[in-house]
**Student:** 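Structure provided below as structure tokens; questions to follow.
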Amino acid sequence: MTFTMIDMNNLDANGILRDLLYNWGIVDYELLYHGGENGISCNALFIQNSRTDIVRLKFYRVNNARGDRRFSIEKIRKKMKSGEINEGDLLYISIFRSPNGVPVIYFINLTHNKLK
């Protein structure tokens, strides 16, 4: 996580993340119209040492000629202030299938897990 990612809540959706989302049938960035208002929102699990929070993620394409692929994490600045996410942290994002068959996105802060 860089300061800009946290401050602007604007994270690049790299090819690995885009493939993961596509393969699980969650988001096909190629079908999204440009502009944040055309994005797709999903709940995700933010797994920490002593608790798991449900956090809203939004996947979208920037409203520019390239349509850069991005995503945002709900209340990321609040999570920075509480020490749950910090500048320089590495987040692990993946997906599992729940018992009812629905894919669930989750992420873990691999660098800092403040709560014990």
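For this chain, numbers begin at 1 and follow the sequence in order.
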**Student:** So Glu84 and Lys75, salt bridge (Lys or Arg N to Asp or Glu O under 4.0 Å) or not? Walk me through it.
**Tutor:** CA-CA 11 Å; Glu84 296 171 82; Lys75 300 180 183 175; over 6 Å; no
**Student:** Give the minimum heavy-atom separation between Ala13 and Tyr29, together with the two atoms involved.
**Tutor:**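 The answer is CB-OH, 3.4 Å.
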**Student:** Is Lys58 salt-bridged to Glu37, cutoff N-O under 4.0 Å?
**Tutor:**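 Salt bridge: no.
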**Student:** Quick one, Asp19 with Trp24, criterion side-chain contact (heavy atoms from CB on, under 4.5 Å). Give me CA distance, side-chain angles, the key distance, then yes/no.
**Tutor:** CA-CA 8 Å; Asp19 287 346; Trp24 281 85; over 6 Å; no
**Student:** Got a donor-acceptor contact below 3.5 angstrom from the Asn38 side chain to the His34 backbone?
**Tutor:**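 Yes: the side chain of Asn38 pairs with the backbone of His34.
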**Student:** Which of these passes side-chain contact (heavy atoms from CB on, under 4.5 Å) with Ile26: Leu20, Ile95, Ile40?
**Tutor:**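 Going through the options one by one, the only one that passes is Ile95.
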**Student:** Can you confirm whether Arg97 is buried at CZ, in the sense that more than 12 heavy atoms of other residues, nucleotides or ligands lie under 6.0 Å from that atom?
**Tutor:**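 Correct, the count exceeds 12.
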**Student:** So among Arg70, Arg69, Met1, which one has a side-chain contact (heavy atoms from CB on, under 4.5 Å) with Leu11?
**Tutor:**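 Exactly one pass, corresponding to Met1.
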**Student:** Treating Ile, Leu, Val, Met, Phe, Trp and Tyr as nodes and any side-chain heavy-atom pair under 4.5 angstrom as an edge, say whether Phe46 and Val104 lie in one connected cluster.
**Tutor:**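 Phe46 and Val104: separate clusters.
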**Student:** Could you tell me if Asn43 and Arg56 have a donor-acceptor pair between their side chains, going purely by distance under 3.5 Å?
**Tutor:**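 There is such a pair between these side chains.
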**Student:** For side-chain contact (heavy atoms from CB on, under 4.5 Å), just list the numbers for Leu21 and Asp28, CA-CA rounded to whole Å, side-chain angles, deciding distance to a tenth of an Å, and then say yes or no.
**Tutor:** CA-CA 7 Å; Leu21 295 167; Asp28 183 349; over 6 Å; no
**Student:** State, to 0.1 Å, how close Phe71 and Asp12 come at their nearest heavy-atom pair, and which atoms those are.
**Tutor:**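 In terms of heavy atoms, the two residues are closest at CE2-O, 3.5 Å.
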**Student:** Spell out, yes or no, whether Leu57 and Ile93 are grouped together once hydrophobic residues are joined by side-chain heavy atoms under 4.5 Å, including indirect joins.
**Tutor:**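 Yes, it is one cluster - the side chains of Leu57 and Ile93 are joined through contacts under 4.5 Å.
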**Student:** Do Ile54 and Ile47 land in one hydrophobic cluster if side-chain heavy atoms of ILVMFWY residues count as linked below 4.5 Å?
**Tutor:**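 Result: yes, single cluster for both.
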**Student:** Kindly say whether Leu90 contributes a backbone atom to a donor-acceptor pair with the side chain of Thr111 at under 3.5 angstrom?
**Tutor:**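 Judged by distance alone, yes, a pair lies under 3.5 Å.
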**Student:** Side-chain heavy atoms nearer than 4.5 Å, only ILVMFWY residues, links allowed to pass through others: does that put Val55 and Leu45 together?
**Tutor:**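 Not linked; separate clusters.
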**Student:** Working to the nearest 0.5 Å, report the span between CG of Asn86 and CZ of Phe3.
**Tutor:**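 With rounding to 0.5 Å, CG (Asn86) is 13.0 Å from CZ (Phe3).
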**Student:** Hey, could you give me the CD/CG distance between Glu87 and Asp7, rounded to the nearest 0.5 Å?
**Tutor:**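 Reported value, rounded in 0.5 Å steps: 10.0 Å.
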**Student:** Please tell me whether Gln48 and Asn109 have a donor and an acceptor in their side chains that are separated by less than 3.5 angstrom.
**Tutor:**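 Side chains of Gln48 and Asn109: no pair found under 3.5 Å.
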**Student:** Is the Tyr106 ring parallel, tilted or perpendicular to the Tyr92 ring (thresholds 30°, 60°)?
**Tutor:**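 Because their plane-to-plane angle lies in the 30° to 60° range, the rings of Tyr106 and Tyr92 count as tilted.
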**Student:** Please indicate whether Leu110 has more than 12 foreign heavy atoms, meaning atoms of other residues, nucleotides or ligands, lying under 6.0 Å from its CG.
**Tutor:**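 Counting other residues, nucleotides and ligands, CG of Leu110 exceeds 12 neighbours.
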**Student:** Donor-acceptor check, side chain of Asn10 to backbone of Thr4, threshold 3.5 angstrom: yes or no?
**Tutor:**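 Absent.
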**Student:** Near Phe96 CZ, under 6.0 Å, is it more than 12 heavy atoms from other residues, nucleotides or ligands?
**Tutor:**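 Enclosed: over 12 neighbouring heavy atoms sit under 6.0 Å from CZ of Phe96.
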**Student:** What are the two closest non-hydrogen atoms of Phe59 and Cys42, and how far apart are they?
**Tutor:**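 Heavy-atom minimum between the residues: CE1-SG, 4.1 Å.
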**Student:** Tell me whether Phe107 shares a hydrophobic cluster with Ile6, the cluster being built from Ile, Leu, Val, Met, Phe, Trp, Tyr side chains joined at under 4.5 Å.
**Tutor:**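 The answer is yes; both residues are in one hydrophobic cluster.
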**Student:** So, does Arg61 use its side chain to make a donor-acceptor pair with the main chain of Gly67 at under 3.5 Å?
**Tutor:**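 Yes, Arg61 side chain to Gly67 backbone: donor-acceptor pair under 3.5 Å.
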